[in-house]
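Below, chains carry the letters A, B, ... as their sequence lines are ordered, and counting in each starts from 1.
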Amino acid sequence: EAQVTQNPRYLITVTGKKLTVTCSQNMNHEYMSWYRQDPGLGLRQIYYSMNVEVTDKGDVPEGYKVSRKEKRNFPLILESPSPNQTSLYFCASSTRQGSREQYFGPGTRLTVT
Amino acid sequence: QQQVKQSPQSLIVQKGGISIINCAYENTAFDYFPWYQQFPGKGPALLIAIRPDVSEKKEGRFTISFNKSAKQFSLHIMDSQPGDSATYFCAAAYAGGTSYGKLTFGQGTILTVHP
């Protein structure tokens with residue numbers, strides 16, 4: 001089954017404790033990105049990757065890091081989480097040819113206290 | 001700066017009625033306008049999309065109307081069903097360079113269809 005998976009689905013942590021949210025896709029997609037969803041703001045792009053070893057900032061990159069060492073994986077790293085990073089996070093992937101449909105993962109709900 | 005503005009924030013419709021959600025955009029470089037549907041606890045999923053060279057696209061009960069001169073587009077759900085109750089997001093994107101694939105989303109509309 002073609003899918004984007006994220007782990008963990010739920011995470012409660014404390015300010016300053018480094019964490020990583022993993023994202024993996026099995027569709028051989030070149031393009032991957034991370035979004036955060038906040039009430040009244042929709043989804044906003046954090047970082048994206050056009051292909052392996054190619055990453056760039058989206059609209060709200062502050063406080064986040066990413067890496068793309070393999071085509072299928074695109075982890076999101078919060079080196080020192082703060083309460084304003086409490087949000088619902090989605091990973092998405094798409095191909096660069098043909099359809100521009102983006103496939104979203106199930107989401108990770110993060111709470112930083 | 002919100003480049004895609006969506007309204008209303010919430011919408012309540014009776015079963016069988018028509019649901020209408022509107023979006024307006026600012027960037028004339030946008031060339032792809034999808035609508036995503038999100039159920040509670042799930043990620044958004046593509047519902048229907050349109051490019052600016054057509055004024056309307058219909059797929060089943062879902063229709064996108066596009067007005068390029070007004071920089072507006074809307075989603076119409078005909079014969080709305082309780083199973084359509086979800087959050088709907090409009091979005092816009094353009095294919096150029098490093099912006100490929102980036103979706104700029106509207107704020108979302110929570111649709112509730114009463115039986």
**Q** Measure the CZ-CG distance between A:R100 and B:L46 for me, rounded to the nearest 0.5 Å.
**A**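 A:R100 atom CZ to B:L46 atom CG measures 11.5 Å (nearest 0.5 Å).
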
**Q** Hydrophobic cluster membership, with links at side-chain heavy-atom distances under 4.5 Å among I/L/V/M/F/W/Y: are B:W35 and B:F30 in one?
**A**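 Yes: a chain of side-chain contacts under 4.5 Å links B:W35 to B:F30.
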
**Q** Working to the nearest 0.5 Å, report the span between OH of B:Y32 and CD of A:E101.
**A**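 B:Y32 atom OH to A:E101 atom CD measures 6.5 Å (nearest 0.5 Å).
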
**Q** Name the region of A:R44, side chain, backbone, both or neither, that has any atom closer than 4.5 Å to a heavy atom of chain B.
**A**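 For A:R44, no heavy atom lies under 4.5 Å from chain B.
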
**Q** Does atom CD (B:Q9) have a neighbourhood of more than 12 heavy atoms from anything else shown, all under 6.0 Å?
**A**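 No, the 6.0 Å shell around CD holds no more than 12 heavy atoms from other groups.
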
**Q** Could you name each residue pair satisfying salt bridge (Lys or Arg N to Asp or Glu O under 4.0 Å) that touches residues 67-93 of chain A, not counting sequence neighbours?
**A**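 Sorted result for residues 67-93 of chain A: A:K65-A:E79.
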
**Q** Is it the case that more than 12 heavy atoms not belonging to A:M27 sit under 6.0 Å from its CE atom?
**A**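 Counting other residues, nucleotides and ligands, CE of A:M27 exceeds 12 neighbours.
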
**Q** Measure distances from A:Q6 to the heavy atoms of chain B and classify the residue's part below 4.5 Å as side chain, backbone, both or neither.
**A**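 No part of A:Q6 comes within 4.5 Å of chain B.
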
**Q** Only heavy atoms, only distances under 4.5 angstrom. Which residues in residues 13-23 of chain B are near chain A?
**A**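 Within residues 13-23 of chain B, no residue comes under 4.5 Å of chain A, counting heavy atoms only.
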
**Q** How far does CD of B:Q38 sit from CG of A:L43, to the nearest 0.5 angstrom?
**A**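 These two atoms lie 6.5 Å from each other.
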
**Q** For the hydrophobic clusters of this structure (ILVMFWY residues joined by side-chain heavy atoms under 4.5 Å, transitively), does one cluster hold both A:Y35 and B:F89?
**A**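 Yes, one cluster joins them.
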
**Q** Consider only side-chain heavy atoms of I, L, V, M, F, W and Y, link residues closer than 4.5 Å, and tell whether A:V60 and B:V4 are in one cluster.
**A**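 No, A:V60 does not connect to B:V4 through the hydrophobic network.
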
**Q** Starting at CG of B:L103, measure out to OG of A:S94 and round the result to the nearest 0.5 Å.
**A**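 Reported value, rounded in 0.5 Å steps: 8.0 Å.
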
**Q** Given the rule that I, L, V, M, F, W and Y join up when any side-chain heavy atoms are under 4.5 Å apart, are B:I110 and B:I77 in one cluster?
**A**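 They do not share one cluster, since no chain of ILVMFWY contacts under 4.5 Å joins B:I110 to B:I77.
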
**Q** Minimum heavy-atom separation for B:K102 and A:Q102, please, with both atom names.
**A**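 Heavy atoms only, the tightest pair is N-NE2, 4.2 Å.
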
**Q** Heavy atoms only, distances under 4.5 angstrom: which of B:P34, B:A49, B:P44, B:A45 has the most pairs with chain A? Name it, please.
**A**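 Among B:P34, B:A49, B:P44, B:A45, the one with the most close pairs to chain A is B:P44.
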
**Q** Out of curiosity, does A:F90 fall in the hydrophobic cluster containing A:V21 (side-chain heavy atoms, cut-off under 4.5 Å, transitive links)?
**A**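 Looking at the clustering, A:F90 is in a separate group from A:V21.
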
